Enquirer: 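Here you go, one structure.
These figures come from a predicted structure and were not determined experimentally.
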Amino acid sequence: MTSVHPPPAPGRELSNPPADGISNLRFSNHSDHLLVSSWDKTVRLYDASANSLRGEFMHGGPVLDCCFHDDSSGFSASADNTVRRIVFSHGKEDILGRHDAPVRCIEYSYAAGQVITGSWDKTLKCWDPRGASGQERTLVGTYPQPERVYSLSLVGNRLVVATAGRHVNVYDLRNMSQPEQRRESSLKYQTRCVRCYPNGTGYALSSVEGRVAMEFFDLSEASQAKKYAFKCHRKSEAGRDIVYPVNAIAFHPVYGTFATGGCDGFVNVWDGNNKKRLYQYSKYPTSIAALSFSRDGRLLAVASSYTFEEGDKP
């Protein structure tokens with residue numbers, strides 16, 4: 001993919017950041033509120049426009065993912081195996097349920113009114129947050145996966161689950177008894193992130209080996225002929241290619257363009273239809289761990305925090 005624009009400024013830093021690595025961040029669908037989960041065992045709520053910390057919620061272990069329910073509450077996935085609901089205004093939280101291993105991913109489906117979690121216990125679970133507290137009343141179903149769940153993404157009633165071993169399962173939330181499609185990643189290396197296209201026709205999937213694949217749900221020959229993969233987040237040094245994991249993908253809600261973030265500390269913005277790189281932000285201090293566009297696409301939240309791709313650093 002070719003580049004066109006000069007790099008935009010890297011933006012402004014939010015005050016009161018987490019004390020350890022950021023696992024994910026998400027903008028609300030209703031405002032410029034931003035939810036941030038971290039390895040420091042907290043979920044933080046920010047007003048991104050006002051650059052203010054609105055709330056902080058402690059967990060029993062590192063928090064690996066978070067999402068909004070509405071502007072007054074959200075959900076979190078923790079390494080202490082719990083799925084929690086957080087009510088911002090009351091500063092309280094309750095446990096929605098548990099997995100048998102750390103919970104890696106969490107999504108809220110507006111279409112189904114359910115919370116969906118993916119864990120390293122090789123299952124997907126759906127929860128009804130309206131149930132009274134107590135796991136047996138909130139758990140809707142448990143769905144075995146071929147391997148540990150690494151990434152989830154929703155669009156409408158469609159759910160895409162990416163696991164270890166390069167498996168990709170596509171579900172219809174209205175019939176979770178079995179996947180609508182069982183796929184294998186078209187990339188040769190471990191999956192880092194999967195994100196559905198806002199128009200619902202497919203998904204982008206990134207790997208640890210500096211590549212992104214653009215995939216389509218429709219299995220017809222014409223649709224499958226449109227799929228492609230491209231290299232990104234790489235550099236040449238002394239004639240050698242240095243390749244970085246692509247940790248994050250975020251789609252612009254209005255234009256359908258998308259941003260990728262890698263362990264090279266760069267955020268690139270792409271036009272997938274025309275196969276062009278539109279621009280690259282100035283380099284951030286360390287790996288890009290997560291990305292999220294605000295509901296109107298005006299703001300892009302970037303989490304720059306070391307993801308331990310090279311082990312402990314002194």
Enquirer: Write down the atom of Ser305, the atom of Ala289, and the distance for their closest heavy-atom approach.
Expert: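 For Ser305 and Ala289, the tightest heavy-atom pair comes out as OG-CB, 3.8 Å.
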Enquirer: Is the shortest distance from a Lys or Arg side-chain nitrogen in Arg54 or Asp47 to a carboxylate oxygen in the other one below 4.0 Å?
Expert: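 Looking at Asp47 together with Arg54, the answer is yes, because their closest N to O distance falls below 4.0 Å.
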Enquirer: Taking ring-ring contact (aromatic ring centres under 6.0 Å, His included) as the criterion, tell me which of Phe251, Tyr203, Phe258 meets it with Tyr197.
Expert: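 The residue from Phe251, Tyr203, Phe258 that satisfies ring-ring contact (aromatic ring centres under 6.0 Å, His included) with Tyr197 turns out to be Phe251.
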Enquirer: Before accepting this row, confirm whether a basic side-chain N of the pair Arg84/Asp80 lies closer than 4.0 Å to the acidic partner's carboxylate O.
Expert: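 A salt bridge is present here (some side-chain N lies under 4.0 Å from a carboxylate O).
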Enquirer: Check Lys231 with Glu209, please: is the shortest side-chain N to carboxylate O separation under 4.0 Å?
Expert: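 Answer for the salt bridge query: no.
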Enquirer: Do the charged groups of Asp241 and Lys235 touch, with an N to O distance under 4.0 Å?
Expert: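 The answer is no: the pair does not qualify as a salt bridge.
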Enquirer: Salt-bridged, Arg26 to Glu107, with N to O below 4.0 Å?
Expert: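 Looking at Glu107 together with Arg26, the answer is yes, because their closest N to O distance falls below 4.0 Å.
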Enquirer: Where does the angle between the aromatic ring planes of His99 and Trp127 fall among parallel (under 30°), tilted (30 to 60°) and perpendicular (over 60°)?
Expert: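 Ring orientation, 0 to 90° scale: perpendicular.
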Enquirer: What class does the angle between the rings of Tyr108 and Tyr110 fall in, given that below 30° is parallel, 30 to 60° is tilted and above 60° is perpendicular?
Expert: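 Perpendicular: the ring planes of Tyr108 and Tyr110 meet at over 60°.
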Enquirer: Does His69 have its ring centroid less than 6.0 Å away from the ring centroid of Phe75?
Expert: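 Yes - the distance between ring centres of His69 and Phe75 falls below the 6.0 Å cut-off.
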Enquirer: Would you give the length of the straight line joining atom CG of Asn51 to atom CG of Asp32, rounded to the nearest 0.5 angstrom?
Expert: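 CG of Asp32 is found 12.0 Å from CG of Asn51.
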Enquirer: If you look at every heavy atom in Arg85 and Leu96, which pair is closest and at what distance?
Expert: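 Result for this residue pair: NH2-CD1, 3.7 Å.
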